[in-house]
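See structure below.
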Amino acid sequence: MKKILILASNPKRDLNLDREIRDLKGVVERSIRQDQLAVEIALAVRPSDLQDLLFSTKPQIVHFCGHGTGSTGLVLEDDAGQEQLVKTEALSDLFRLFASRGVECVLLNACYSEVQANAIVQHVDTVIGMKQEIRDDAAIAFATGFYRALGFDCSMAEAFEFGCNAIQLQLSGGIGGRSAAESSRKAEVVGVAQPVAIPEHLKPILKQKTQPTPRSVDSSPAVSLEKIQLQVDQALETETALKQYREQVREFLANRTLSEIEKIRLKQLRQQLGLTVEDTDRILVEEQIPIHKGQQAYRDLLIELIQSGCYPFSEEIQTELKQFQQECNLTDSEAAAISAPLLASAQLQFREFEVITLTATGEITSCLQQAEVFTEPLADGVVLEMVAIPGGTFLMGSPPEEEGRSEEESPQHLVSLASFFVSKYPITQAQWRAVASDPMEVGLHPNPAQFPGETRPVEQISWHEAVEFCQRLTQKTGRTYRLLSEAEWEYACRAGTTTPFHFGATLTTDLANFNGNYVYGSGTKGRYRQETTSVETGAANAFGLYDMHGNVWEWCADPWHPSYDGAQPTGAFG
């Protein structure tokens with residue numbers, strides 16, 4: 001196993017080191033020798049870190065990416081993140097000490113690093129440096145070409161040639177990098193042994209301390225250069241496809257989110273390019289990381305302000321929050337979605353309720369529990385109580401042996417959900433009317449119910465009307481409201497249980513409003529009211545939610561699916 005230690009330092013923050021490191025890891029992970037190569041990464045490296053990193057990682061290849069200054073040395077960082085030079089003599093002595101500890105190759109992907117290369121090669125067999133300045137795209141091309149070839153069983157000298165050829169391919173293709181006037185790493189590559197014949201404008205040179213030692217003989221058959229070239233060509237095709245996919249992801253994420261149509265188009269593009277789900281998922285995660293970092297930073301600041309007792313926020317704090325939102329590159333809708341549950345939690349009150357459990361034979365046990373609830377005023381005397389549901393992981397669906405199940409409830413699969421808020425009970429007629437009465441372009445019936453009653457739920461509404469209600473509620477309150485996903489609904493209903501009902505293995509009409517002529521499991525017959533009942537007539541589940549079983553059907557955000565095949569582990573609807 002060869003270990004590659006990547007040392008990155010860029011106190012000026014002007015190099016594309018994230019891309020360089022990502023590309024290096026990618027070519028190693030996709031090589032035929034991926035089981036014999038490992039990558040360790042150290043960022044914002046300080047001179048004081050070097051010995052510790054070399055001792056702890058025990059690398060065979062040390063790769064530096066960043067700035068060089070020629071005879072003055074390489075640019076690392078100090079404790080304050082500012083530039084700190086490491087002189088050539090100190091680097092040479094460092095690798096003199098570690099040459100006997102397994103370091104075989106040092107690649108200095110930094111401008112004017114030939115000086116350091118010539119000093120280090122006295123102790124290390126193979127050292128590669130840069131003769132002049134080198135452009136970002138050329139530096140990245142050389143490094144990826146070099147490691148790609150190593151991953152396909154090439155020697156150091158062969159890998160060097162493939163790296164130089166990668167520069168030719170990059171520059172001859174006309175792919176723009178920084179201009180010569182702007183760049184910090186620009187034109188030519190130098191190594192540490194004998195001249196290699198490639199075009200005059202590149203003039204790469206490879207020098208080595210000693211002649212390369214023969215490769216150790218193992219049980220695997222020799223790989224011909226033609227086969228290596230074929231494998232490298234295939235790897236290049238894959239990388240080109242990955243770049244095309246990444247560019248499309250970036251275009252779609254320009255508005256900070258992926259629409260359902262864009263998700264489908266990305267799936268089609270993946271299939272068209274012949275890429276694996278693992279590779280495309282990795283790209284999606286990498287491209288969404290900056291977005292998520294900004295969202296998390298904004299969320300952390302809000303939490304700190306609330307915990308410090310600063311809520312409700314003064315005008316000064318609101319102004320500073322707006323500035324920080326812009327620094328995090330968040331849209332107003334993103335900031336509102338992050339703020340709503342946190343600000344709601346700042347108004348939370350504890351409510352006590354009774355939780356009832358039924359045994360298989362119908363015996364009742366009960367206990368008192370508490371839920372965190374915030375109250376949203378809707379009209380005079382009409383409020384919406386929202387219950388905090390803790391995040392967690394649960395097994396969604398039902399087992400094959402469960403009575404009354406359908407194939408739509410399979411296969412069972414784990415789903416992880418973040419915390420969220422949900423109405424304490426189904427929307428009542430009074431709540432509906434308080435929201436539906438607000439003037440909007442799309443009209444809503446003021447009382448869509450067959451069974452009148454202020455505290456009875458509405459039950460004569462379509463899915464579109466339910467969505468319209470949520471949109472109106474969002475506009476009315478300034479908080480984002482929507483229908484639950486099916487995963488969120490089942491998680492909220494189960495409330496930590498694994499039985500067919502949150503009450504247990506059966507249920508009774510004393511606890512829920514359903515047709516009591518039908519008995520489930522070992523239960524007994526009960527009443528059939530043939531009408532809705534007031535919310536909170538039955539019993540709550542362990543989260544403090546009512547009417548999760550019986551009374552009315554409840555709409556979810558998801559379209560209907562015949563099964564859970566392909567369901568998202570995040571519970572996202574779609």
Any chance you could measure [X], atom [atom1], to [Y], atom [atom2], to the nearest 0.5 Å?
X: I317; Y: E320; atom1: CD1; atom2: CD; answer: 7.0 Å
X: R22; Y: I283; atom1: CZ; atom2: CD1; answer: 8.0 Å
X: L37; Y: L24; atom1: CG; atom2: CG; answer: 12.0 Å
X: F420; Y: M386; atom1: CZ; atom2: CE; answer: 9.5 Å
X: Q272; Y: R270; atom1: CD; atom2: CZ; answer: 12.0 Å
X: H413; Y: M396; atom1: NE2; atom2: CE; answer: 5.0 Å

If you look at every heavy atom in [X] and [Y], which pair is closest and at what distance?
X: I291; Y: E334; result: CG2-OE2, 3.8 Å
X: A487; Y: L417; result: O-CD1, 3.9 Å
X: T480; Y: A340; result: N-CB, 4.2 Å
X: C154; Y: A159; result: CB-N, 4.2 Å
X: G145; Y: A166; result: CA-CB, 4.0 Å
X: L74; Y: A110; result: CD2-CB, 4.3 Å

More than 12 heavy atoms of other residues, nucleotides or ligands under 6.0 Å from [atom1] of [X]: is that the case?
X: Q51; atom1: CD; value: no
X: Q271; atom1: CD; value: yes
X: K25; atom1: NZ; value: no
X: Q318; atom1: CD; value: yes

Mind checking whether [X] and [Y] have side chains closer than 4.5 Å, heavy atoms only?
X: I61; Y: L150; answer: yes
X: L343; Y: I306; answer: yes
X: L269; Y: Q244; answer: yes
X: S259; Y: F252; answer: no
X: L266; Y: Y245; answer: yes
X: Y112; Y: M130; answer: no
X: L330; Y: Q295; answer: yes
X: V103; Y: H123; answer: no

Legend entry - Verdict with reasoning, L321 to L302, per side chain to side chain contact (heavy atoms under 4.5 Å, CB included): CA-CA 9 Å; L321 268 176; L302 279 176; 3.8 Å; yes
Please check this pair: side chain of [X] against backbone of [Y], looking for a donor-acceptor N/O pair closer than 3.5 Å.
X: E83; Y: D78; value: no
X: S339; Y: A335; value: yes
X: N109; Y: A139; value: yes
X: R256; Y: L253; value: no
X: D279; Y: T276; value: no

Inset, instruction - For the residue pair F160 and F142, categorise the inter-ring angle as parallel (less than 30°), tilted (30 to 60°) or perpendicular (more than 60°). - result: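 F160 and F142: perpendicular rings.
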Inset, instruction - Give the ring-plane orientation class for F324 versus Y298, where under 30° counts as parallel, over 60° as perpendicular and anything between as tilted. - result: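 If you compare the ring of F324 with that of Y298, the planes turn out parallel.
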Inset, instruction - Give the C-alpha distance, both sets of side-chain angles, the deciding distance and a yes or no for side chain to side chain contact (heavy atoms under 4.5 Å, CB included) between I389 and E488. - result: CA-CA 10 Å; I389 307 299; E488 289 169 334; over 6 Å; no
Legend entry - Cationic N near anionic O, under 4.0 Å, R13 to E77: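 Salt bridge present between R13 and E77.
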Legend entry - E262, E286, E287 screened by salt bridge (charged side-chain N to carboxylate O under 4.0 Å, His left out) with R250, the one that passes: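 The passing option is E287.
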Examine the side chains of [X] and [Y] and answer whether a donor and an acceptor come within less than 3.5 Å of each other.
X: D332; Y: Q325; value: yes
X: D300; Y: Q296; value: yes
X: Q268; Y: R265; value: no

Inset, instruction - Could you pull out all residues at least two apart from D93 that satisfy salt bridge (charged side-chain N to carboxylate O under 4.0 Å, His left out)? - result: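 D93 satisfies salt bridge (charged side-chain N to carboxylate O under 4.0 Å, His left out) with R96 once adjacent residues are dropped.
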Inset, instruction - In sequence, state the C-alpha distance, the side-chain angles, and the governing distance for F146 and I128, and then conclude on side chain to side chain contact (heavy atoms under 4.5 Å, CB included). - result: CA-CA 11 Å; F146 178 82; I128 299 169; 3.5 Å; yes
Inset, instruction - Determine, step by step, whether L484 and Y491 satisfy the side chain to side chain contact (heavy atoms under 4.5 Å, CB included) criterion, reporting the C-alpha distance in whole Å, the side-chain angles of both residues, the deciding distance to 0.1 Å, and the verdict. - result: CA-CA 10 Å; L484 294 175; Y491 177 74; over 6 Å; no
Legend entry - Option from L53, L108, L76, L54 for which side chain to side chain contact (heavy atoms under 4.5 Å, CB included) with L7 holds: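 Only one of L53, L108, L76, L54 forms a side chain to side chain contact (heavy atoms under 4.5 Å, CB included) with L7, namely L53.
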